[in-house]
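Right, one structure below, let's go through it.
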Amino acid sequence: MPDASDTTPENAGPASGRRGAKGRRRKPRSTRRKALVITAWTAAGVVVLGGAGLGYLYYKFNGNLHGVDINAALGTDRPEDVDNGSMDILVLGSDSRAGDNAKYGGGDGESARSDTAMILHVYEGHKKASIVSIPRDTLVTRPACTTNNGGTDPGGKRQMFNESYSVGGPACAVKTVESMSGIRMDHYVEVDFSGFKKLINTLGGVDITTTKAISDPDSHLNLPAGEHTLDGEQALGLVRTRHAVGDGGDLGRIQLQQAFIKALINQIKDVGVFSSPKKLYDLADTATKATTVDSDLDSVNRLIGFANGLKTIDAKDMHMVTMPVIYDPADPNRVVPLEKQSQMVWDALKADKPIPAAATKDSAGDKGDAGSYVNSN
């Protein structure tokens with residue numbers, strides 16, 4: 001989530017496999033019904049579509065969706081599609097400052113960055129998941145990417161991770177993540193500032209308890225310690241704030257985001273959308289307008305199948321970590337991956353195994369108490 005001062009989810013079955021992929025396809029997804037509430041605020045709107053009652057509005061909602069063909073953009077030069085029944089999804093929160101987002105300030109009015117990035121790994125059986133947050137300020141080796149205007153950016157070493165999206169949009173962001181991790185992304189989901197705010201408002205807000213006061217003028221947030229029902233603007237402020245928690249950096253903000261995600265997941269099951277046709281309509285309309293997905297998910301039927309296959313995942317079934325990093329010795333405003341520990345994370349996900357505790361033991365991302373500022377009610 002960006003800081004206001006920075007400039008810088010065919011049939012109701014599983015989603016189709018990758019076209020032109022190297023290696024074998026994954027096992028078929030199970031078909032189950034329930035709101036997914038995947039990993040992050042960015043995916044919350046998409047997965048709520050995993051309910052009955054949308055067929056009569058199929059064409060309307062289908063027309064709302066915006067899809068990007070990641071497969072065509074990246075071709076076959078990608079990691080192998082491992083056949084172990086798992087699924088990996090890149091979830092991004094973009095901070096385009098154009099249109100409805102302009103009032104949040106910063107940027108040049110057109111460019112956008114992926115200021116929230118999470119890899120959601122769903123384990124075989126679709127009952128548990130791991131979430132790996134990638135700090136926006138991580139210095140990585142970015143691969144060459146096709147730029148937004150059709151040219152080529154050569155990439156290179158010590159490039160900020162979130163600039164991948166600025167350079168080449170979703171395809172470059174996916175390519176960078178796959179290059180870093182060696183893991184093929186099965187799907188891509190993105191929501192922007194204004195879309196997130198509207199989704200929270202349509203849900204009726206999110207209940208949280210702040211254990212400490214949070215005040216950050218930059219994100220227009222002032223919450224005393226205690227119980228709150230956050231509207232969209234407040235929720236957006238909470239997940240964007242960084243100066244008011246921890247050490248004031250992006251790693252503290254990630255901890256706060258992860259705490260908020262748990263609160264959202266715990267609550268969304270009880271919002272009553274299936275008992276209220278109007279609320280279901282409003283939520284589906286908002287979610288499909290707010291979300292950009294890969295072309296394997298860019299129809300309502302495919303989204304329903306995607307969400308149905310993730311029925312049993314709950315907050316307690318999710319293990320959330322930050323990619324192992326340390327502060328860059330040459331620039332305290334940047335972080336660099338802990339190579340050995342990061343590889344432990346990627347190897348575990350590729351093998352469809354839990355992330356070992358040793359992988360994050362020495363990571364700067366697991367230090368601090370920013371996540372303790374928020375509890376779910």
Side-chain angles (χ1 to χ4, degrees), residues 1-8 39-42 90-97 101 104-107 111-120 131-142 158-167 173 176-177 180-181 190-193 196 212 214-221 235-262 320-338 341-342 345 360 362-374:
M1 309 289 172
D3 173 17
S5 62
D6 293 336
T7 59
T8 46
T39 84
W41 63 262
T42 49
L90 177 60
V91 182
L92 292 186
S94 72
D95 76 333
S96 168
R97 307 305 172 109
N101 291 331
Y104 296 110
S111 63
R113 298 198 180 198
S114 55
D115 277 3
T116 293
M118 300 179 177
I119 298 173
L120 167 65
I131 300 163
V132 182
S133 294
I134 304 174
R136 47 164 274 176
D137 296 334
T138 307
L139 296 177
V140 301
T141 298
R142 192 175 71 232
R158 292 183 61 83
Q159 305 292 310
M160 273 183 61
F161 170 78
N162 73 333
E163 291 179 349
S164 298
Y165 185 91
S166 303
V167 165
T176 300
V177 168
M180 291 168 48
S181 66
E190 175 194 332
V191 172
D192 70 7
F193 275 0
F196 169 69
K212 306 173 186 177
I214 303 176
S215 180
D216 185 355
D218 287 333
S219 59
H220 311 291
L221 184 68
L236 180 59
L238 182 68
V239 297
R240 292 171 63 215
T241 190
R242 65 176 181 174
H243 298 306
V245 296
D247 63 2
D250 191 49
L251 298 180
R253 175 165 53 188
I254 287 174
Q255 291 182 334
L256 193 61
Q257 290 171 4
Q258 292 174 345
F260 178 82
I261 290 165
K262 291 181 179 180
M320 299 184 181
V321 303
T322 301
M323 185 178 76
V325 295
I326 57 170
Y327 286 102
D328 180 24
D331 185 348
N333 295 314
R334 302 288 180 262
V335 295
V336 293
L338 285 165
Q341 290 90 330
S342 293
V345 173
T360 57
D362 298 320
S363 173
D366 274 19
K367 301 184 187 300
D369 65 345
S372 68
Y373 278 71
V374 173

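Hydrogens, waters and symmetry mates are skipped; everything else that's a heavy atom, side chains included, is used. Quick caveat, the model's predicted, so the values are computed rather than measured.
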**Study point:** Asp137 side chain near Asn333 side chain, heavy-atom distance below 4.5 Å
**Key:** no
Check your understanding: What heavy-atom pair brings Phe260 and Ala235 nearest, and what distance separates the two atoms?
Key -> CZ-CB, 3.9 Å
Point to revise | Minimum heavy-atom distance between Asp362 and Ile326, given as atom pair plus value | key: O-CG2, 4.4 Å
Review point. With sequence neighbours excluded, what pairs up with Gln258 under the side-chain contact (heavy atoms from CB on, under 4.5 Å) test?
Key: Ser133, Ile254, Met320, Thr322
Study note, to complete from the structure: CD of Glu163 to OG1 of Thr176, rounded to nearest 0.5 Å, is 10.5 Å
Point to revise | Heavy-atom pair with the smallest gap, counting every atom of Tyr327 and Leu251 | key: OH-CD1, 3.6 Å
Practice item. State whether a side-chain donor-acceptor pair under 3.5 Å links Gln255 with Tyr373. Key: no
Point to revise | Gln257 CD to Thr116 OG1 distance, which is reported to the nearest 0.5 Å | key: 4.0 Å
Practice item. Taking all non-hydrogen atoms of both residues into account, name the closest pair between Pro324 and Ser363 and its distance. Key: CA-OG, 3.3 Å
Point to revise | Side-chain heavy-atom pair Leu238, Val374 within 4.5 angstrom cut-off | key: yes
Check your understanding: Would you say the side chain of Ile131 lies within less than 4.5 Å of the side chain of Val321, judging by non-hydrogen atoms?
Key -> no
Check your understanding: Which atoms form the tightest heavy-atom contact between Met180 and Val140, and what is the distance?
Key -> SD-CG1, 4.0 Å
Exercise for review: Answer yes when Asp328 and Arg158 have at least one side-chain N-carboxylate O distance shorter than 4.0 Å, and no when they do not.
Suggested key: yes
Check your understanding: Do side-chain atoms of Thr241 reach the backbone of Gly237 as a donor and acceptor pair under 3.5 angstrom?
Key -> no
Review point. Closest heavy-atom contact between Val325 and Pro337?
Key: CG1-CA, 4.0 Å
Practice item. Output the distance between atom CZ (Arg334) and atom CZ (Phe161), rounded to the nearest 0.5 Å. Key: 14.0 Å
Review point. Got a donor-acceptor contact below 3.5 angstrom from the Asp250 side chain to the Arg136 backbone?
Key: yes
Exercise for review: Sort out for me which residue in Ile134, Ile261, Leu92 forms a side-chain contact (heavy atoms from CB on, under 4.5 Å) with Met118.
Suggested key: Ile261
Exercise for review: Could you check if a side-chain atom of Leu236 sits within less than 4.5 angstrom of a side-chain atom of Arg240, using non-hydrogen atoms only?
Suggested key: yes
**Study point:** Separation of Thr138 OG1 from Met160 CE (nearest 0.5 Å)
**Key:** 8.5 Å
